[in-house]
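The residues of the chain are indexed from 1 along the displayed sequence. When a ligand or atom number is given, it counts from 1 through the structure's own listing order.
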Amino acid sequence: EKGNYRHFMEKEIHDQPEGCQHTIAAYIDPIAGRARMAGDVDFAALDRIQIVACGTSYIAGLVGKYLIEKLADLPVDIEIASEFRYREPALRPGALAIAMSQSGETADTLAALRLCQAKGLKTAAVVNAQESTMAREVDVVWPIHCGPEIGVASTKAFTAQVSVLTALAVAAARARGRIDAAEEQRLVRILLEAPRLIAESIGLEDAVKAVAVDIAKARDVLYLGRGPMSALALEGALKLKEISYIHAEGYAAGELKHGPIALVDEHTPIIVLAPYDSYYEKSASNMSEVMARGGQVVFITDPEGAKHAPAGAKVVMTAPASDPLISPLVMSAPIQLLAYHVAVLKGADVDQPRNLAKSVTVE
Ligand code: M6R
């Protein structure tokens, strides 16, 4: 049920603090201060992780790659399932295959998973639908516990998937001797803060609505970020495309000079995602480069980032400060809300965008 909301997507964006809380409760022991991944996976013995997924689930996997490699020093390969299934990937049984899927029924992801099984890999699925085909076929199911997602544009499933992979990164880091008990407790405390901070970042909705008026007039929109924010840039662009039908591209900000900067003029809104983290200076300098070419920047950052922001951004949006462990979770709501409000302004069918299905069970 939509309750007081106009659309399922709007409701599902607002459901995220609670959804994330449910997810975290399943993967965190708050008393012991430990991450716990059910199932018999020996993270210390793994050579690598192979993630396969499509769409937003793929982007959640990309965020996971940043976190898992950084915290656990465990190599993560990630590939779009529709490509992976038709090539001849070099797979070894020492890897764990993880399928990311809200529905658990996406045909390409399922086929990629079966390919991994055939090569002797242990398989896991991070899914919302626990009765799904993927959940039935894998060795280990890691449910995301965010409740049913109805809107075609995935929102709460994304943050729930990222939450699971964040817990996995912490659990793998412990298993591989990369963090001690005190550090694990510290990381767990940070993760437990995520629902409250997501709620705060949803509080940017009025500011986002105001920006949406300009974005709705644009023909093309660019999203830029570095590190995990480069994945969020892809997600922001995907959301905008699918529900508002505005052409949008997400780029790793460092790639700008290698092509996309040629698109920048005074008619191109550019959404820059940059919390005050180790990537900040670099992202800020990319932001200055696009502003020097007339680009209209919407800067989504945090209080410290806003303080150091280069002059000239059209709008600065200040999300709450957060540790880099959870900033992908905290920075998601503003880009989801932006896509939502632009689509509403354009009169688009938000929950049932044209040409799209919630679950893509044919290739
Ligand atoms: O059910 P899945 O997570 O496997 O679906 C994958 C994609 O089809 C899905 O994420 C799609 O990209 C969404 N419409 C994005 O909002």
Side-chain angles (χ1 to χ4, degrees), residues 7-13 15-16 19 23 51-64 78-85 97-114 116 123-138 141-165 223 231-246 248-250 328 332-333 335-340 342-343 348-363:
H7 300 99
F8 281 107
M9 181 182 179
E10 185 188 19
K11 174 177 186 296
E12 287 159 4
I13 292 172
D15 276 352
Q16 287 177 112
T23 313
I51 300 179
V52 289
C54 301
T56 285
S57 293
Y58 167 81
I59 296 169
L62 267 184
V63 174
I78 166 157
E79 191 164 335
I80 289 166
S82 57
E83 283 298 313
F84 184 88
R85 66 178 289 196
I98 304 180
M100 309 287 304
S101 178
Q102 189 285 130
S103 62
E105 302 293 349
T106 300
D108 285 322
T109 308
L110 192 56
L113 191 64
R114 289 175 178 158
C116 292
T123 56
V126 177
V127 290
N128 201 21
Q130 294 189 52
E131 310 301 319
S132 59
T133 311
M134 272 180 233
R136 276 199 311 274
E137 292 194 7
V138 287
V141 184
W142 288 317
I144 63 175
H145 296 297
C146 66
E149 189 181 67
I150 312 293
V152 165
S154 182
T155 53
K156 66 176 180 176
F158 175 73
T159 43
Q161 288 168 327
V162 170
S163 302
V164 171
L165 293 181
Y223 288 75
L232 254 62
L234 298 179
E235 177 60 3
L238 177 59
K239 284 290 90 93
L240 191 71
K241 276 187 268 224
E242 72 176 328
I243 58 169
S244 77
Y245 317 137
I246 293 175
E249 298 291 339
S332 289
I335 55 171
Q336 298 166 341
L337 287 165
L338 183 61
Y340 174 75
V342 171
D349 186 348
V350 173
D351 286 331
Q352 293 288 333
R354 69 184 181 206
N355 309 340
L356 295 175
K358 180 64 183 159
S359 180
V360 185
T361 53
V362 292
E363 63 170 311

Minimum-distance protein heavy atom relative to atom 16 (O) of ligand 1: Glu242 OE2, 2.3 Å
Using a 4.0 Å cut-off to any heavy atom of Ser101, which atoms of ligand 1 qualify? 1 (O), 2 (P), 3 (O), 4 (O)
Please check whether Val152 reaches ligand 1 - meaning an N/O of the residue sits under 3.5 Å from an N/O of the ligand, judged on distance alone. yes
At what distance, to the nearest 0.5 angstrom, does CD of Glu249 lie from CG of Leu238? 10.5 Å
List the steps, then state whether side-chain contact (heavy atoms from CB on, under 4.5 Å) holds for Thr123 with Glu137. CA-CA 9 Å; Thr123 56; Glu137 292 194 7; over 6 Å; no
May I ask you to check if ligand 1 and Thr56 share an N or O to N or O distance below 3.5 Å? yes
Counting both backbone and side chain atoms, is some N or O of Gln102 under 3.5 Å from an N or O of ligand 1? yes
What atoms of ligand 1 come within less than 4.0 Å of a heavy atom belonging to Thr106? 1 (O), 2 (P), 4 (O), 5 (O)
So for Ala153, does at least one of its heavy atoms come nearer than 4.0 angstrom to any atom of ligand 1? yes
Whether the Gln16 and Thr159 side chains hold a donor-acceptor pair (N or O, under 3.5 Å, no angle test) is what I'd like checked. yes
Side chain Arg136, main chain Glu131, donor-acceptor under 3.5 Å: yes
Atoms of ligand 1 under 4.0 Å from any heavy atom of Ser154, numbered from 1 in the order shown, are 15 (C), 16 (O)
Closest non-hydrogen protein atom to atom 7 (C) of ligand 1, residue and atom name please, with distance? Cys54 O, 3.7 Å
Go through Ser332 and Leu232 one step at a time and tell me if the side-chain contact (heavy atoms from CB on, under 4.5 Å) criterion holds. CA-CA 7 Å; Ser332 289; Leu232 254 62; 4.0 Å; yes
Can you check side-chain contact (heavy atoms from CB on, under 4.5 Å) on Lys358 and Glu149, steps first, answer last? CA-CA 9 Å; Lys358 180 64 183 159; Glu149 189 181 67; 2.6 Å; yes
Atoms in ligand 1 flagged as close to Ser103, the criterion being non-hydrogen separation under 4.0 Å: 1 (O), 2 (P), 4 (O)
N/O separation below 3.5 Å, Ser57 to ligand 1: yes
Within ligand 1, which atoms have a heavy atom of Lys239 less than 4.0 Å away? 15 (C), 16 (O)
Run Lys239 and Ile335 through side-chain contact (heavy atoms from CB on, under 4.5 Å) and show every step you take. CA-CA 8 Å; Lys239 284 290 90 93; Ile335 55 171; over 6 Å; no
Using a distance-only test with no angle check, is there a side-chain donor-acceptor pair under 3.5 angstrom linking Glu105 and Thr133? yes
Give the residue, atom name and distance (to 0.1 Å) of the protein heavy atom nearest atom 8 (O) of ligand 1. Val360 CG2, 4.1 Å
Output yes when a side-chain donor or acceptor of Glu12 lies under 3.5 Å from a complementary backbone atom of Ile150, and no otherwise. yes
